[in-house]
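Single-structure report; data block below.
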Amino acid sequence: MKILFKNGTVFPVTQKPFKGDVLIENGKIKQIANQIKPNKGVEVIDLTDKYLLPGLIDAHSHIGLYPEGLGATESEGNEMTDPVTAQLYALDAFYPEDTAIKKALSGGITTAFVVMGSANPVGGQGFIAKFNGKTAAQMCIVNPAGVKMAFGENPKRVYSEKKVLPNTRMGTAAVIRTFLLKSQDYMKKKELAKKENKEFTDTDPKYEVGEKLLKGQLTARMHAHRADDILTAIRIAEEFKIKFVIEHCTEGYKVADILAAKRIPVVAGPLLTFATKLELRDMTMEALKILTEKGVLTALMCDHPVIPLEYATVQAAAAMRYGVKEEDLLRMLTINPAKILGLSERIGSIEPGKDADLVVWTGHPFDMRSTVEKVFIDGEMVYSK
């Protein structure tokens, strides 16, 4: 199947916007140019006075785990029974009929990293979804795609009520460190069994995940708001030499020089909300400006359902009031999260060879009057207004 988008204002993201055409074929972007002549058998979509952008990406979402209309008591987002639940898969709790998914498409979102909540210091494994299927398996493109870890107030609150470790920040750090230490011991036992040509019969799903972290096969997605929690997360990650991303990073602007020097990626947000807890009291939209000016690879999350995914561009547009550049914000919703998710060769920009995940807007996505007219994922139209 071939589709030619003609006469649109194209935002490739990795280069400057231009007036022109985009040709897609067999689910991939085939060509972009100022003018492409339509061949026989090509469907032509006229985009005169319209904008064409890559599908937006949210690199930290709970969509499908907190389905609309069910409320927190019916959610599947947190397994609050054990501080270490590394063996959990968010995919197993994902509800593909969540009405929020269609709404997310109406806001131009095509891809999201779906992950459990932050009740547990080690929460489990998230996955990456494209919103173009009917089942969880059809939507899933990478599983597992990262291991959720959490610092700060949430684990403290959950487990202090249960009167078990952790009740403090040092308790949370100890739980995570102990998990990684036990994972190291687990690896040694496996290696010894192999060396002695014996069958390893003590398989433990938790430490299988820890082994993948320690071998660099999975990335730790570290929930941390306060600056001291961010630094604790960095300290533990460096101690065990694991790959990691800082999630939320509310006070990251206070330690932006450290984040930049260590080249630590950040998924920031949500920032268009109010401080619901103490660790958010110094939240500011200006954080995005500081992080990008320091050179930190930054993506912007909605933390759905905190901010519904369809309002990703609304949050980004609000950040311009605080001095964040338009082009930086567009990257935070496209190529930057693609890089953080390890998918920048497939999604996040309009370039030949990439997946044909494209969104037709009536105007600039940061203009509050603009709406999404059509959404294509892998070259197939999945939403039409």
Side-chain angles (χ1 to χ4, degrees), residues 9-17 51-63 100-101 103-115 128-131 245-249 252 265-273 285 287-289 291-292 296-344 346-351 354-368 370-372 374-377 383:
T9 300
V10 181
F11 278 72
V13 175
T14 51
Q15 56 181 283
K16 291 183 178 181
Y51 285 59
L52 187 68
L53 282 91
L56 306 183
I57 304 164
D58 193 304
H60 179 116
S61 174
H62 309 295
I63 196 167
I101 293 172
K103 293 178 181 178
L105 288 169
S106 76
I109 303 288
T110 56
T111 304
F113 174 64
V114 182
V115 68
I128 301 170
K130 280 192 180 187
F131 299 140
V245 178
I246 300 296
E247 312 280 304
H248 301 296
C249 205
V266 164
V267 184
L271 296 171
L272 191 59
T273 182
M285 279 279 195
L288 298 175
K289 182 174 183 287
L291 289 169
T292 52
V296 177
L297 177 61
T298 305
L300 179 59
M301 71 159 88
C302 285
D303 200 23
H304 180 99
V306 178
I307 295 176
L309 265 182
E310 67 263 34
Y311 299 128
T313 56
V314 175
Q315 178 177 225
M320 290 195 294
R321 180 180 293 179
Y322 296 83
V324 191
K325 295 178 181 177
E326 173 193 307
E327 57 268 29
D328 287 335
L329 287 162
L330 282 172
R331 293 177 70 87
M332 288 182 207
L333 297 176
T334 54
I335 194 64
N336 288 3
K339 289 178 179 177
I340 290 170
L341 295 177
L343 291 174
S344 59
R346 286 186 58 183
I347 58 177
S349 61
I350 301 178
E351 298 179 81
K354 288 196 173 184
D355 296 353
D357 298 353
L358 301 169
V359 181
V360 178
W361 291 80
T362 59
H364 194 290
F366 294 166
D367 184 335
M368 293 298 98
S370 299
T371 59
V372 170
K374 292 181 175 63
V375 178
F376 296 79
I377 297 179
Y383 173 86

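Side-chain contact check for His60 versus Cys302: every heavy-atom pair is 4.5 Å or farther apart. Under the 4.5 Å side-chain criterion, counting only non-hydrogen atoms from C-beta, Ile109 is in contact with Phe131. Considering only heavy atoms from C-beta on, His304 stays 4.5 Å or farther from Asp58 through its side chain. Contact annotation: the side chain of Leu105 approaches that of Ile377 to within less than 4.5 Å [non-hydrogen atoms, C-beta and beyond].
Although no hydrogens or angles enter the test, the distance criterion places no donor-acceptor pair under 3.5 Å between the side chain of His248 and the main chain of Ala268. Within the 3.5 Å criterion, the main-chain N or O of Ser344 finds a donor-acceptor partner in the side chain of Lys354.
Of all the heavy atoms in Leu309 and Ala104, the pair that sits closest is CB-CB, 3.7 Å. Residues Val245 and Pro265 share a closest heavy-atom pair of CG1-O, 3.5 Å. Scanning all heavy atoms of the two residues, the minimum distance from Ser349 to Thr14 falls at CB-CG2, 3.7 Å. When all heavy atoms of Ile128 and Phe113 are compared, the closest pair comes out as CG1-CD1, 4.0 Å. Of all non-hydrogen atoms in Val359 and Gly108, the two that sit nearest each other are CG2-O, 3.6 Å. Contact record, Cys249 with Val266: CB-CG1, 3.5 Å, taken as the closest heavy-atom pair.
Lys130 is linked by a salt bridge (charged side-chain N to carboxylate O under 4.0 Å, His left out) to Asp355, Asp357, Asp378, counting only residues two or more places apart in sequence or in another chain. Evaluation of the side chain to side chain contact (heavy atoms under 4.5 Å, CB included) rule for Pro305 yields His62, Tyr66 as partners, not counting sequence neighbours. Looking at residues two or more places apart in sequence or on another chain, you find a side chain to side chain contact (heavy atoms under 4.5 Å, CB included) between Glu310 and Lys103, Ser106, Pro308. Residues passing the side-chain hydrogen bond (donor to acceptor under 3.5 Å, both in side chains) test with Thr371, sequence neighbours excluded: Lys385. Applying the side-chain hydrogen bond (donor to acceptor under 3.5 Å, both in side chains) rule to Thr292 yields no partners; only residues at least two apart in sequence or on another chain are considered. Shown here are the side chain to side chain contact (heavy atoms under 4.5 Å, CB included) partners of Pro17, two or more places apart in sequence or in another chain: Phe11. Taking Lys374 as the reference, nothing meets the side-chain hydrogen bond (donor to acceptor under 3.5 Å, both in side chains) condition, with sequence neighbours excluded.
Put simply, OG1 on Thr9 and OH on Tyr51 are 5.0 Å apart, with the number rounded to the nearest 0.5 Å.
Heavy atoms from other residues, nucleotides or ligands lying under 6.0 Å from OH of Tyr383 number more than 12.
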Could you go through residues 324-343 and list every donor-acceptor pair under 3.5 Å that involves a side-chain atom there, pairing it with any protein atom two or more places apart or in another chain?
residue	atom	partner	partner atom	Å
Glu326	OE2	His364	NE2	3.0
Thr334	OG1	Leu330	O	2.6
Asn336	ND2	Thr298	O	2.8

Determine whether Leu288 and Tyr322 satisfy the following criterion, side chain to side chain contact (heavy atoms under 4.5 Å, CB included), listing intermediate values before the conclusion.
CA-CA 9 Å; Leu288 298 175; Tyr322 296 83; over 6 Å; no
Tell me, with the steps shown, if Gln15 and Glu351 meet side chain to side chain contact (heavy atoms under 4.5 Å, CB included).
CA-CA 10 Å; Gln15 56 181 283; Glu351 298 179 81; 5.6 Å; no
